[in-house]
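Atoms within each ligand, like the ligands themselves, are counted from 1 in listed order. Computed from heavy atoms alone, side chains included, the values below leave out hydrogens, waters and symmetry copies.
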Amino acid sequence: MSSPPGQLSERVRILVVDDQAANIVQIRHILGTELETFAATSGEQALDMCLAAPPDLVILDMRMPGIGGLDTCRRLRADVRTQAIPVIFVTAATSPEDEDACWLAGGSDFVLKPINPTTLQNRVRAQLTLKIQADQLRRLAYLDGLTGLPNRRSFDERFGIECRRAFRNKTPLSILLIDIDYFKLYNDHYGHIAGDACLREIGHCLAESILRPGDLVARYGGEEFVGLLSETGHAGALRVAQAILDRVSQAKLGHAASPIGSTVAVSIGVATRIVQQHELVHEACHSLLEQADRQLYRAKQAGRAGAAGIELTT
Ligand SMILES: Nc1nc2c(ncn2[C@@H]2O[C@H](COP(=O)(O)OP(=O)(O)OP(=O)(O)O)[C@@H](O)[C@H]2O)c(=O)[nH]1
């Protein structure tokens with residue numbers, strides 16, 4: 001399959017799902033070797049594969065034993081981890097009801113059997129082009145352009161999800177607010193371009209210190225970053241804060257204008273809480289952020305280059 005220049009240059013992965021091995025072979029042959037294809041022979045297997053490593057496109061046989069193509073598509077759409085994967089149905093059915101069922105299940109397009117190779121190639125190309133563009137937009141919307149870390153919007157969305165999870169499971173949730181010390185003086189002394197490079201370097205230090213898969217580190221705004229540590233009690237959060245202080249200190253980024261030392265340092269405010277049954281989740285989480293901000297202020301007042309924390313038990 002030859003792709004339009006510049007459109008499908010990324011290495012894309014396509015999952016072909018059909019209970020008949022011969023159909024899988026035919027589709028893979030039509031798509032050629034330029035695109036990476038892999039196969040599943042049931043809806044159940046396809047769902048597992050999509051969760052383990054989401055493909056860029058699923059080509060799905062409508063009628064299969066087990067959960068079938070329509071149900072497989074519905075389940076992909078119902079899960080946030082897989083809902084953005086486009087699905088092209090392959091179907092022998094031609095009635096308007098069957099067509100409708102494909103769209104209603106969340107299909108992006110469909111191709112009739114017997115498969116016309118050119119039709120399949122063109123529809124695959126169209127869906128992949130849209131998917132790549134949508135991925136790029138998502139990246140722009142959710143990543144901070146300067147540091148490459150998740151941005152404030154990513155944090156806000158994840159914070160809401162983690163607050164509700166912490167409330168359901170009665171597990172502690174910790175927030176770290178991290179602020180570069182005397183960053184205005186850094187900018188004044190070295191200039192804004194060096195300031196931007198410093199922000200990138202600190203972002204890198206944070207990403208290396210906040211390591212658990214469920215954790216998130218994001219740029220909160222300006223020279224402030226935020227760490228979200230799910231299922232983490234106060235002692236654990238203070239340990240992560242110390243790891244950040246150590247990592248930033250090891251980076252030895254010169255700060256000749258700093259009143260407190262010769263290298264860039266950060267201050268960290270830490271707050272931990274278990275959301276109680278009687279509380280409104282939204283308010284409890286808002287107060288967690290507020291408390292982390294107060295602790296950051298305390299860390300600054302205490303001389304900077306350190307952390308202050310509070311464990312909230314209401
Ligand atoms: N280079 C650069 N500077 C930024 C960016 N965002 C915010 N800043 C600067 O960060 C500085 C923050 O200064 P302040 O809030 O006064 O705090 P500070 O100098 O770090 O002092 P303390 O926080 O009290 O230790 C300001 O000079 C902002 O212009 C950015 O994206 N790039």
Side-chain angles (χ1 to χ4, degrees), residues 136-159 174-210 215-229 234 237-272 285-310 312:
Q136 282 167 349
L137 282 177
R138 240 190 311 276
R139 267 198 291 275
L140 286 176
Y142 286 97
L143 291 186
D144 170 54
L146 179 67
T147 60
L149 290 177
N151 61 15
R152 175 76 174 263
R153 178 199 304 242
S154 299
F155 169 76
D156 287 343
E157 286 187 12
R158 268 289 296 284
F159 189 40
S174 293
I175 286 282
L176 272 58
L177 277 183
I178 305 135
D179 186 278
I180 304 177
D181 294 329
Y182 294 115
F183 193 58
K184 182 173 181 331
L185 293 178
Y186 188 96
N187 270 328
D188 292 347
H189 185 81
Y190 295 101
H192 266 78
I193 293 174
D196 286 355
C198 176
L199 281 168
R200 273 195 290 271
E201 200 52 50
I202 295 297
H204 181 67
C205 292
L206 298 180
E208 280 191 354
S209 313
I210 298 184
D215 295 343
L216 177 82
V217 58
R219 186 166 176 209
Y220 199 57
E223 86 300 9
E224 206 167 66
F225 297 85
V226 64
L228 174 61
L229 311 181
H234 198 55
L238 288 176
R239 262 203 301 280
V240 173
Q242 189 56 51
I244 291 171
L245 293 170
D246 294 344
R247 181 66 187 79
V248 170
S249 155
Q250 280 158 17
K252 292 193 169 57
L253 302 166
H255 191 340
S258 168
I260 54 164
S262 57
T263 59
V264 172
V266 296
S267 297
I268 307 177
V270 184
T272 306
C285 291
H286 182 72
S287 80
L288 183 62
L289 257 178
E290 234 172 44
Q291 289 293 341
D293 197 38
R294 268 188 222 166
Q295 296 307 309
L296 175 59
Y297 180 76
R298 269 189 59 214
K300 293 272 182 192
Q301 291 296 302
R304 297 177 170 78
I310 188 168
L312 302 157

Give the atoms of ligand 1, by number and element, whose distance to some non-hydrogen atom of [X] is under 4.0 Å.
X	answer
Gly195	1 (N)
Ile180	20 (O), 23 (O), 25 (O)
Asp179	23 (O)

Val248, Thr263, Ile202, Ile180 screened by side-chain contact (heavy atoms from CB on, under 4.5 Å) with Leu253, the one that passes: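 Among Val248, Thr263, Ile202, Ile180, the one meeting side-chain contact (heavy atoms from CB on, under 4.5 Å) with Leu253 is Ile202.
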
Nearest neighbour in protein (non-hydrogen) for [atom]:
atom	answer
atom 19 (O) of ligand 1	Lys184 N, 2.8 Å
atom 21 (O) of ligand 1	Tyr182 N, 3.6 Å
atom 24 (O) of ligand 1	Arg304 NH2, 2.8 Å
atom 2 (C) of ligand 1	Asp196 OD1, 3.2 Å
atom 22 (P) of ligand 1	Lys300 NZ, 3.4 Å

Proximal candidate to [atom] [heavy atom criterion; set [options]]:
atom	options	value
atom 31 (O) of ligand 1	His192, Glu223, Arg219	Arg219
atom 29 (O) of ligand 1	Leu199, Ile193, Asn187	Asn187
atom 7 (C) of ligand 1	Gly222, Ala194, Ala265, Cys198	Gly222

Whether Asn151 side chain and Arg219 backbone form a donor-acceptor pair below 3.5 Å: no

Using a 3.5 Å distance criterion without hydrogens, assess whether the side chain of Tyr297 forms a donor-acceptor pair with backbone atoms of Gly269. no

Begin from the C-alpha positions of Asp246 and Gln250 and carry the test side chain to side chain donor-acceptor pair (under 3.5 Å) through to its verdict. CA-CA 6 Å; Asp246 294 344; Gln250 280 158 17; 5.8 Å; no

Test log, rule side chain to side chain donor-acceptor pair (under 3.5 Å), inputs Asp179 and Ser267: CA-CA 5 Å; Asp179 186 278; Ser267 297; over 6 Å; no

Quick one: do Tyr142 and Glu157 satisfy side chain to side chain donor-acceptor pair (under 3.5 Å)? Show the steps, please. CA-CA 10 Å; Tyr142 286 97; Glu157 286 187 12; 2.9 Å; yes

May I ask you to decide whether Arg152 forms a salt bridge with Asp156, counting only side-chain N to carboxylate O separations under 4.0 Å? yes

Do any nitrogen or oxygen atoms of Phe183 lie less than 3.5 angstrom from nitrogen or oxygen atoms of ligand 1? yes

Ile193, CD1 atom: more than 12 neighbouring heavy atoms under 6.0 Å: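 Count not over threshold, so no.
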
